[in-house]
Amino acid sequence: MTEHYPHLFEPLDLGFVRLRNRVLMGSMHTGLEDRRRDFEKLAVYFAERARGEVGLMVTGGIAPNRTGWLAPFAGKLSRGGEVARHQLVTRAVHDEGGRICMQMLHAGRYAYHPLSVAPSAVKAPINPFRPRALSQRGIDSQIQAFVRSACLAREAGYDGVEIMGSEGYLINQFLAPRTNRRNDAWGGDMDGRMRFALEVVRRTRAAVGHDFILIFRLSMLDLVEQGNTWEEVVTLGKALEGAGVNLINTGIGWHEARVPTIQTSVPRAAFAWVTGRMKQELQIPLIATNRINMPDMAERILAQGQADMVSMARPLLADPDWVRKAREGRWREINTCIACNQACLDHVFQQRRASCLVNPRACYETELNYLPTREPKRVAVVGAGPAGLACATVLAERGHEVSLFDAANEIGGQFNMAKRVPGKEEFAETLRYFQARLRATGVDVQLSHRVTAAELQREDYDAFVLATGVTPRKPEIPGLHHPKVLSYAEVLTAGVRPGKRVAVIGAGGIGFDVCEYLVHEEQQSPSRDLQRWQREWGVDPEYSDRGALRQPEPEPSPRQVYLLQRSTGKPGAGLGKTTGWIHRATLRAKGVEMLAEVRYERIDDAGLHIRVREEARLLEVDHVIVCAGQEPLRELLEPLQADWRPVYLIGGAERADELDAKRAIDQGTRLAASL
Ligand code: FAD
Ligand code: NAP
Ligand code: SF4
């Protein structure tokens with residue numbers, strides 16, 4: 001126990017094993033599980049989090065056989081020859097005093113390959129492959145595969161396994177009438193539909209013995225039509241308890257659900273209530289999940305008796321020392337996961353190694369290190385946006401003497417606009433973290449100071465880093481100087497209030513964010529109010545129907561908004577794979593008219609004159625907000641290059657195309673690690 005967060009740091013005794021605290025690192029696919037050659041990196045990645053004092057960790061999903069692969073050649077444990085690579089992971093974790101379970105995940109109809117199987121041949125809406133319905137014999141061999149994989153996991157040194165029974169994967173597919181259309185002993189009523197899950201658990205328990213952790217990830221809330229009812233979920237929970245699982249983890253939402261479950265606009269701990277409801281029904285320890293990212297929230301869930309453990313996955317990518325910092329009461333130093341998905345889930349969907357926007361070392365622990373410098377230098381970093389902040393703090397951590405300048409009176413650059421967008425409040429946490437890092441590393445910060453090249457040259461710096469960011473692009477549209485025209489910065493930072501009818505030029509990330517701002521009442525973000533958010537997305541806290549869904553009731557937009565782009569294709573095509581659909585759905589629900597193939601003719605007192613394909617249209621708007629991309633701001637480059645000292649460009653100052661904070665922080669960090 002510690003004085004800070006006493007519930008979070010109370011050990012959990014499972015009878016044969018005692019966990020040092022109540023933090024579970026939830027399963028997360030990193031891409032490192034898929035290839036034998038990457039297991040050394042995976043071992044270092046987990047060892048670092050064990051050193052950071054996580055109570056219990058779960059690996060990314062490992063298939064029990066080839067049909068269960070998420071994608072061809074994904075991680076699998078079905079043969080003795082695959083044990084040795086897993087031993088690298090378990091040894092590294094145990095050497096650091098940690099504990100780790102392997103997640104057994106059978107993708108079922110979510111398998112992205114032609115070998116996929118399922119209880120019934122019902123294709124998933126998010127997968128082109130139609131699964132083959134399993135025969136009686138096929139079902140038995142799938143159960144055998146789970147059992148064998150669990151035995152091999154034990155041989156590999158894991159402390160247990162987590163059986164993935166949620167998020168719409170194979171076991172969940174057996175459970176729900178949505179995907180189980182069988183009328184034999186494995187389908188029909190709940191007794192039949194849960195038989196597969198229970199057989200996997202019973203036979204696994206019988207094979208691995210009683211001193212091996214069995215976690216079952218139970219879909220407490222399917223969030224799809226024809227999902228399970230609350231009564232069915234409770235029935236299964238009780239049966240699992242009787243079948244010998246040690247811990248039940250919460251699963252929320254199938255991957256095909258129309259409700260966001262982990263993205264930044266989802267309120268913190270938005271689903272802890274359902275675990276709390278299950279606590280009334282079961283005796284064994286339960287784990288709450290989803291959008292828990294800071295210790296005060298984790299502590300509250302435990303103190304209120306909603307769960308016995310909290311699961312965090314992405315927050316431990318973002319900060320491997322999360323638990324230790326919480327224990328020591330240093331929450332301000334936690335590098336908080338902002339739930340953007342940009343470097344973790346979006347990478348996984350692109351078959352790239354996962355990392356983290358706010359922590360580029362995540363999954364690169366063997367390749368990116370901040371070693372103390374042998375030649376300390378004096379470095380001036382100009383610009384305290386994400387690129388400059390990352391660069392300055394890593395340089396100072398390595399022992400360089402760093403001065404950081406910004407023209408604004410606060411650090412953060414464009415993140416100060418991002419954090420004002422409804423649903424992006426988490427972005428403020430990154431700035432709080434950097435504030436703490438600047439203090440801890442002793443960077444000399446000079447705000448409200450627009451530096452000039454002459455001023456920099458007068459000082460005896462050894463190097464200059466230009467992280468001066470961007471300026472908004474001004475497209476050549478007649479009437480651009482009309483008083484109706486506003487920049488996104490005027491709206492998001494200068495507090496200019498647009499009228500009731502607004503056109504937004506440019507449907508990139510910033511155009512979408514500006515629309516989010518316009519369609520919500522001033523500072524009334526539903527991300528801060530769970531009940532409003534549930535109404536907007538149609539989540540039923542009463543759980544009166546299957547899947548806990550009800551009709552969404554979006555609040556009306558206070559404005560009529562048009563979002564425009566010149567190119568063809570769906571607006572927001574460049575947004576993240578795992579988040580773009582949420583932005584589009586929100587704007588559609590708020591009645592935003594999204595137009596592609598637009599030509600801008602002029603802006604005048606009447607409004608914005610456009611052509612959509614060849615048809616002329618007048619948008620009678622009060623304001624036109626320009627979000628037409630950005631250009632690098634590097635006015636200091638040329639004069640500084642005349643100097644003999646090295647000048648480095650990072651972030652938007654280096655390149656504004658395809659700029660985002662992921663690139664800015666990564667570039668700043670890597671430069672600082674190399675100087
Ligand atoms: P900036 O953040 O632009 O910082 C540059 C800094 O340099 C500024 O603070 C400026 O004052 C300072 N400066 C310039 N010249 C001088 C000088 N001569 N002297 C002193 N200081 C100077 N990215 C994402 O990845 N995900 C998102 O969800 C996301 N959402 C966004 C939402 C909005 C509304 C906006 C506007 C941006 C968003 N971005 C997002 C983009 C992201 O914020 C930028 O990519 C990132 O801030 C770029 O970082 P930077 O450090 O290169 O530049
Ligand atoms: P952007 O994504 O490049 O979008 C700019 C938009 O303006 C495009 O839709 C483009 O579409 C249009 N445009 C470009 N030149 C134009 C011109 N001359 N006249 C009229 N329209 C023009 O840039 P952004 O929205 O400014 O965002 C900046 C960066 O921040 C982005 O790279 C983005 O990744 C990042 N960001 C990310 C998020 C996120 O959620 N991940 C959110 C906000 C910002 P057409 O050419 O089709 O008109
Ligand atoms: Fe969290 Fe974004 Fe990092 Fe993923 S990339 S772990 S969502 S901060």
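We count ligands from 1, going down the list as the structure has it; atoms in each ligand are counted the same way. Source: prediction; values computed, not measured.
With a 4.5 Å cut-off on side-chain heavy atoms, Phe271 and Thr289 do not count as touching. Counting heavy atoms from C-beta outward, Glu601 and Ile610 have side chains that stay 4.5 Å or more apart. Using a 4.5 Å cut-off on side-chain heavy atoms (C-beta onward), Thr586 and Val592 make no contact. Counting heavy atoms from C-beta outward, Leu447 and Phe405 have side chains that stay 4.5 Å or more apart.
Annotation: atom 8 (C) of ligand 1 to nearest protein heavy atom, Asp406 OD2, 3.5 Å. Considering only non-hydrogen protein atoms, atom 9 (O) of ligand 2 sits nearest to Ala507 N, 3.0 Å. Scanning the protein heavy atoms around atom 30 (O) of ligand 2, the nearest turns out to be Leu659 O, 3.5 Å. Ranking protein heavy atoms by distance to atom 47 (O) of ligand 2, first place goes to Ser567 OG, 2.5 Å. Counting only heavy atoms of the protein, atom 7 (O) of ligand 2 lies nearest to Ala628 CA, 3.2 Å. For atom 2 (Fe) of ligand 3, the closest non-hydrogen atom on the protein side is Cys340 SG, 2.4 Å. Ranking protein heavy atoms by distance to atom 7 (S) of ligand 3, first place goes to Asn341 N, 3.0 Å. Looking only at heavy atoms of the protein, atom 34 (C) of ligand 1 is closest to Leu492 CD1, 3.4 Å. Of all protein heavy atoms, the one closest to atom 17 (C) of ligand 1 is Val382 CG1, 3.7 Å. Ranking protein heavy atoms by distance to atom 8 (S) of ligand 3, first place goes to Ile338 N, 3.4 Å. When only non-hydrogen protein atoms are considered, atom 1 (P) of ligand 1 lies nearest to Gln414 NE2, 3.8 Å. Scanning all protein heavy atoms for the shortest distance to atom 6 (C) of ligand 2 gives Cys627 O, 3.6 Å. In terms of protein heavy-atom proximity, atom 25 (O) of ligand 2 is nearest to Ile510 N, 2.9 Å. Summary of contacts: the protein heavy atom closest to atom 46 (O) of ligand 2 is Arg566 NH2, 2.8 Å. Closest to atom 22 (C) of ligand 1, if we only count protein heavy atoms, is Ala407 N, 3.9 Å.
Side-chain contact of Thr579 with Asn341: a donor-acceptor pair under 3.5 Å is absent, judged by distance alone. No side-chain donor from either of Asn335 and Arg437 sits under 3.5 Å from a side-chain acceptor of the other. Side-chain contact check for Gln414 and Asn416: no donor-acceptor pair (N or O, by modelled atom type) lies under 3.5 Å. When only modelled atom types and interatomic distance are considered, Gln103 and Glu33 share no side-chain donor-acceptor pair under 3.5 Å. Between Asp513 and His583, the side chains place no donor N or O within less than 3.5 Å of an acceptor N or O (distance only, hydrogens not considered).
Residue Cys337 counts as close to atom 1 (Fe) of ligand 3, with an N, O or S atom under 2.8 Å.
Geometrically, ligand 2 and Leu575 share no nitrogen or oxygen pair separated by less than 3.5 Å. Checked against a 3.5 angstrom limit, the closest N/O atoms of Ala664 and ligand 1 fall outside it. Geometrically, ligand 1 and Gln342 share a nitrogen or oxygen pair separated by less than 3.5 Å. Every N/O-N/O distance between Leu633 and ligand 1 stays at or above 3.5 Å. Taking any N or O of Gly652, backbone or side chain, at least one lies under 3.5 Å from an N or O belonging to ligand 1.
With a 4.0 Å heavy-atom cut-off, ligand 1 is reached by no atom of Leu389. With a 4.0 Å cut-off on non-hydrogen atoms, Arg420 does not touch ligand 1 at all. With a 4.0 Å cut-off on non-hydrogen atoms, Ala418 touches ligand 1 through its backbone as well as its side chain. Both the backbone and the side chain of Cys356 come within contact range of ligand 3, each with a heavy atom under 4.0 Å. Residue-level proximity to ligand 1 for Lys424 is carried by the side chain, the only part with a heavy atom below 4.0 angstrom. Residue contacts with ligand 1, taken as heavy atom pairs separated by less than 4.0 Å, involve Val451 via backbone and side-chain atoms alike. Looking at Ile510 against ligand 1, only its side chain comes within 4.0 Å, counting heavy atoms. Residue-level proximity to ligand 1 for Val514 is absent, since no heavy atom of it falls below 4.0 angstrom. Under 4.0 angstrom from ligand 1, the non-hydrogen atoms of Leu357 all belong to its side chain.
Ligand-side atoms of ligand 2 in range of Tyr600: 20 (C), range being under 4.0 angstrom from any heavy atom. Near Gly651, meaning under 4.0 Å from any of its heavy atoms, are these atoms of ligand 1: 52 (O). When each atom of ligand 2 is checked for a heavy atom of Asp513 under 4.0 Å away, the hits are 42 (C), 43 (C). The atoms of ligand 3 that sit less than 4.0 Å from any heavy atom of Ala343 are 5 (S). Set against the non-hydrogen atoms of Ala339, the atoms of ligand 3 under 4.0 Å away are 1 (Fe), 7 (S). Close contacts between ligand 3 and Leu357 involve ligand atoms 3 (Fe), 5 (S) [criterion: under 4.0 Å to a heavy atom]. Every atom of ligand 2 is numbered from 1 in the order shown, and the set under 4.0 Å from a heavy atom of Asp660 is 34 (O). Using a 4.0 Å cut-off to heavy atoms of Cys344, the atoms of ligand 3 that qualify are 4 (Fe), 5 (S), 6 (S), 7 (S). Close approach of ligand 1 to Gly413 (heavy-atom distance below 4.0 Å) involves ligand atoms 2 (O), 4 (O), 8 (C), 9 (O).
When Gly509, Gly506, Pro475 are ranked by how near their heavy atoms come to atom 38 (C) of ligand 2, first place goes to Gly509. Which of Met417, Gln342, Gln414, Arg473 comes nearest to atom 15 (N) of ligand 2 through a heavy atom is settled by distance: it is Arg473. In the candidate list Lys474, Lys662, Gln630, Lys424, Lys424 is nearest to atom 40 (O) of ligand 2, counting heavy atoms. Across the listed options Pro386, Gly511, Cys340, Pro386 owns the non-hydrogen atom lying nearest to atom 47 (O) of ligand 1. For the residues Glu658, Gln565, Glu516, Glu597, the heavy atom positioned nearest atom 11 (O) of ligand 2 is part of Gln565. Atom 26 (O) of ligand 2 has its nearest heavy-atom neighbour, among Gly629, Gly576, Gly508, Ala573, in Gly629.
The protein reaches atom 32 (C) of ligand 1 closely, with a heavy atom under 4.0 angstrom from it. Distance check on atom 52 (O) of ligand 1: some protein heavy atom falls below the 4.0 Å cut-off.
Applying side chain to side chain contact (heavy atoms under 4.5 Å, CB included) to Val502 and the options Val621, Leu518, Leu486 leaves one that passes, Leu518.
Interatomic distance, His347 NE2 to Leu345 CG, rounded to the nearest 0.5 Å: 10.5 Å.
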Using the side-chain contact (heavy atoms from CB on, under 4.5 Å) rule, take Thr261 and Val266 through it: C-alpha gap first, then chi angles, then the decisive distance, then the call.
-> CA-CA 6 Å; Thr261 54; Val266 175; 5.7 Å; no

